[in-house]
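What follows is a set of notes on a single structure, which appears directly below.
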Amino acid sequence: MKQQFVAYIESYQMLLPGLKVLAAISGGLDSMTMLHLLHESGIDCAIAHCNFQLRGTESDDDQLFVEKKTEEYNCPFHFIRFETEAYATKNGLSIQMAARELRYQWFEELSAKYGYDAIAIAHNRDDRIETLWINLSRGTSIHGLTGIRPKTGKIIRPLLFASRNEIVVYAKENHIDFREDSSNATDKYVRNYIRHHLIPGLEQYFPALRQTLEHDMDHFSKVEMFYKESIDRLKQQAIRYEGDLLRIDCAVLKNSPSPETLLFEIVHPFGFSYAMIEKMLTSACGSLFFSDTHRLVVNRQSLIVHPLSDKKQQTYLIEQDVRQIYSPIHLEMQIFDIDPEFKPDASRNIACLDFDQIKFPLTLRRWKHGDEFRPLGMSHMKKLSDFFVDIKLSIIDKEQVWLLTSGDQVVWIVGYRIDDRYKVSATTKKVLRMQWMG
């Protein structure tokens, strides 16, 4: 097995010369076998052990066992005790998911603090098959059909080539000590039920089940490469970023081979589930969808994704002597005497205003319901909400609008329209020119 172990590591370039390795060691059969193989292969590593405090003194004995073995292997040792049940309750997680989150967060913290380049996890070939069944049962994308990967970022799984039976035989032959987790013998967890009942039951009808599933997962991994290439190509056509706002072109979605699949791949990273996808594609303009971190708005020709924000409404004062501001938006200002040949710039990003009509300090703020102004060229007042409807702004677009106000009056809807009361006229003597730099 040692030769297979080294060959597997080299084939996936898991441990290049000079890399610092952190090995996650529970004290069980798999992790102790991995530690033995790392040592026998001449690979130095530090050891990280998590005490999840779920099995009373048995958990503490595991910790003492691993610490003693660390002394035998002369390895740096890190350990931590987690309040796993309290964490699971607080975050609404199963015990297994809570333990997973806690340990991987800690491994990353150790890596950052001590400069570890790789984190070795002792998953084996049977774990990969069991993970496939779990993913299928919960619902998954094509990525979930590939099971556990040999290498993901810093995480490496150098034992993934070996079956559980092969590991048992190797441990006996090499007199490897390990601790048996009593919970492995129960059906308390889904993985154990799959291990003890589902797979053995199916093997009665399909004796080559494990080999077949391994072959399938390898095939799915290759299919996923083509899938990703196609999705990435369609994404480039469908999406456009505007700061932290993402626009998804509905026409590209509808003309794609599978609008549901493309939309899922675009919005899934923002926390939206597949169950929402069909409604996103069929809901009326103005419909809202929420994930824990983002909001999606259905607009006329696009779907708009924007981060949720709990920032309080803020206002910014602009004094008369200011010539440039950079936050919350970049504005440049000039004040000059009017020239007989002067003509106001027609750009929406530039406001040419009658300086003598302005009362300083000016205020820069977000719009709110009830705001109104007199649009340039009109003789009557109009609510901003109606103006936004006229120019077809989406909900998110409206939330991004900044107003420049003088006292209680709107002077300029930045990037859209100035108020007619502040325009440059025949009586204007001095001009305030303001340009939004985008």
Side-chain angles (χ1 to χ4, degrees), residues 21-39 45-114 116 119-124 126-128 130-131 134 148 154-160 164 167-168 170-172 174-197:
V21 183
L22 179 68
I25 306 298
S26 67
L29 169 65
D30 296 340
S31 65
M32 294 308 298
T33 301
M34 181 182 72
L35 181 60
H36 178 271
L37 285 166
L38 286 169
H39 180 74
C45 63
I47 290 176
H49 175 78
C50 303
N51 184 342
F52 295 106
Q53 302 190 88
L54 295 172
R55 293 176 288 115
T57 57
E58 188 177 335
S59 294
D60 296 333
D61 290 342
D62 289 347
Q63 179 182 320
L64 293 172
F65 171 78
V66 174
E67 188 171 4
K68 182 179 179 181
K69 287 299 177 182
T70 299
E71 294 172 359
E72 292 180 16
Y73 284 107
N74 193 30
C75 297
F77 178 57
H78 307 283
F79 76 92
I80 192 169
R81 297 170 70 89
F82 289 121
E83 299 291 342
T84 312
E85 290 184 343
Y87 182 87
T89 301
K90 179 181 178 181
N91 294 278
L93 299 171
S94 67
I95 292 295
Q96 284 186 311
M97 286 303 297
R100 185 182 189 282
E101 280 192 11
L102 288 167
R103 67 175 176 266
Y104 280 106
Q105 288 171 7
W106 183 55
F107 295 156
E108 288 297 332
E109 290 170 7
L110 289 176
S111 296
K113 184 174 181 179
Y114 296 100
Y116 296 121
I119 302 167
I121 308 293
H123 287 129
N124 62 48
D126 289 23
D127 290 324
R128 188 184 182 203
E130 291 157 10
T131 298
I134 291 172
I148 302 173
K154 282 187 177 182
I155 304 296
I156 60 171
R157 300 177 175 89
L159 210 57
L160 205 57
R164 190 169 287 113
I167 293 170
V168 169
Y170 181 81
K172 286 181 179 178
N174 290 272
H175 309 289
I176 298 173
D177 293 331
F178 62 91
R179 296 269 301 169
E180 186 64 58
D181 185 340
S182 61
S183 66
N184 287 337
T186 72
D187 293 335
K188 181 179 179 181
Y189 302 116
V190 172
R191 184 177 292 274
N192 288 355
Y193 181 84
I194 291 171
R195 180 181 303 169
H196 298 151
H197 302 287

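Because only heavy atoms are used, hydrogens play no part in the values below, and waters and symmetry mates are left out as well, while side chains stay in. Keep in mind it's a predicted model, so treat the numbers as computed, not measured.
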Item to complete: Please identify each residue that fulfils ring pair (Phe, Tyr, Trp, His ring centres under 6.0 Å) with Tyr170, with sequence neighbours left out.
Response: His36
Practice prompt. Carefully, step by step, assess Leu35 and Met32 under the rule side chain to side chain contact (heavy atoms under 4.5 Å, CB included).
Written response: CA-CA 5 Å; Leu35 181 60; Met32 294 308 298; 4.2 Å; yes
Worksheet entry | Between CD1 on residue Ile167 and CG on residue Leu159, distance to nearest 0.5 Å | 4.0 Å
For residues 94-105, dump all side-chain donor-acceptor pairs below 3.5 Å to protein atoms at least two apart in sequence or in another chain.
residue: Ser94; atom: OG; partner: Met97; partner atom: N; Å: 3.1
residue: Glu101; atom: OE1; partner: Tyr87; partner atom: OH; Å: 2.7

Pair up each side-chain donor or acceptor in residues 48-57 with any protein partner under 3.5 Å, not counting sequence neighbours, and list the distances.
residue: His49; atom: ND1; partner: Ile25; partner atom: O; Å: 2.9
residue: Asn51; atom: OD1; partner: Gln53; partner atom: N; Å: 2.9
residue: Asn51; atom: ND2; partner: Asp60; partner atom: OD1; Å: 3.0
residue: Asn51; atom: ND2; partner: Gln63; partner atom: OE1; Å: 3.0
residue: Gln53; atom: OE1; partner: Arg81; partner atom: NH2; Å: 3.0
residue: Gln53; atom: NE2; partner: Phe82; partner atom: O; Å: 3.1
residue: Arg55; atom: NE; partner: Asp181; partner atom: OD1; Å: 3.3
residue: Arg55; atom: NH1; partner: Glu58; partner atom: OE2; Å: 2.6
residue: Arg55; atom: NH1; partner: Asp62; partner atom: OD2; Å: 3.4
residue: Arg55; atom: NH2; partner: Asp62; partner atom: OD2; Å: 2.6

Fill in: Minimal non-hydrogen separation, Pro158 against Met34, with atom names
CG-SD, 3.8 Å
Worksheet item: What distance do His123 atom NE2 and Ile155 atom CD1 have between them, rounded to the nearest 0.5 Å?
Response: 9.5 Å
Worksheet entry | Nearest heavy atoms of Ala23 and Leu38, plus distance in Å | CB-CD1, 4.1 Å
Worksheet item: Can you check whether Ser111 reaches Ile119 side chain to side chain, under 4.5 Å on heavy atoms?
Response: yes
Item to complete: Measure from the side-chain N and O atoms of Asn124 to the backbone N and O of Asp126, and report whether any donor-acceptor pair falls under 3.5 Å.
Response: yes
Worksheet, complete the sentence: d(Glu71 CD, Ile47 CD1) to nearest 0.5 Å is 10.5 Å
Worksheet, complete the sentence: CD1 of Ile148 to CZ of Arg157, rounded to nearest 0.5 Å, is 6.0 Å
Fill in: Contacts of Arg195 that satisfy side chain to side chain donor-acceptor pair (under 3.5 Å) - sequence neighbours left out
Glu130
Worksheet item: Between Thr131 and Arg191, is a side-chain hydrogen bond (donor to acceptor under 3.5 Å, both in side chains) present by the stated rule, with each step listed?
Response: CA-CA 8 Å; Thr131 298; Arg191 184 177 292 274; 3.0 Å; yes
Discussion item. Restricting to non-hydrogen atoms, name the atom on Gly27 and the atom on Phe65 that form the minimum distance, rounded to 0.1 Å.
Written reply: O-CE2, 3.7 Å
Fill in: Heavy-atom check, side chain of Phe178 versus side chain of Thr33, under 4.5 Å
no
Response to the item:
Sequence neighbours excluded, the answer for side chain to side chain donor-acceptor pair (under 3.5 Å) partners of Asp177 is Lys69
Worksheet item: Are Trp106 and His78 close enough that some pair of their side-chain heavy atoms sits under 4.5 Å apart?
Response: yes
Discussion item. Which residues pass the ring pair (Phe, Tyr, Trp, His ring centres under 6.0 Å) test with His197, not counting sequence neighbours?
Written reply: Tyr193
Fill in: Residue pair Ile134 / Val190, side-chain heavy-atom distance below 4.5 Å
yes
Worksheet item: If you look at every heavy atom in Thr186 and His196, which pair is closest and at what distance?
Response: O-CE1, 3.7 Å
Worksheet item: Are Asp127 and Asp30 close enough that some pair of their side-chain heavy atoms sits under 4.5 Å apart?
Response: yes
Worksheet item: Which heavy-atom pair separates Thr70 from Cys75 by the least distance, and what is that distance?
Response: CG2-O, 2.8 Å
Fill in: Greater than 12 external heavy atoms within 6.0 Å of Asn74's CG
no
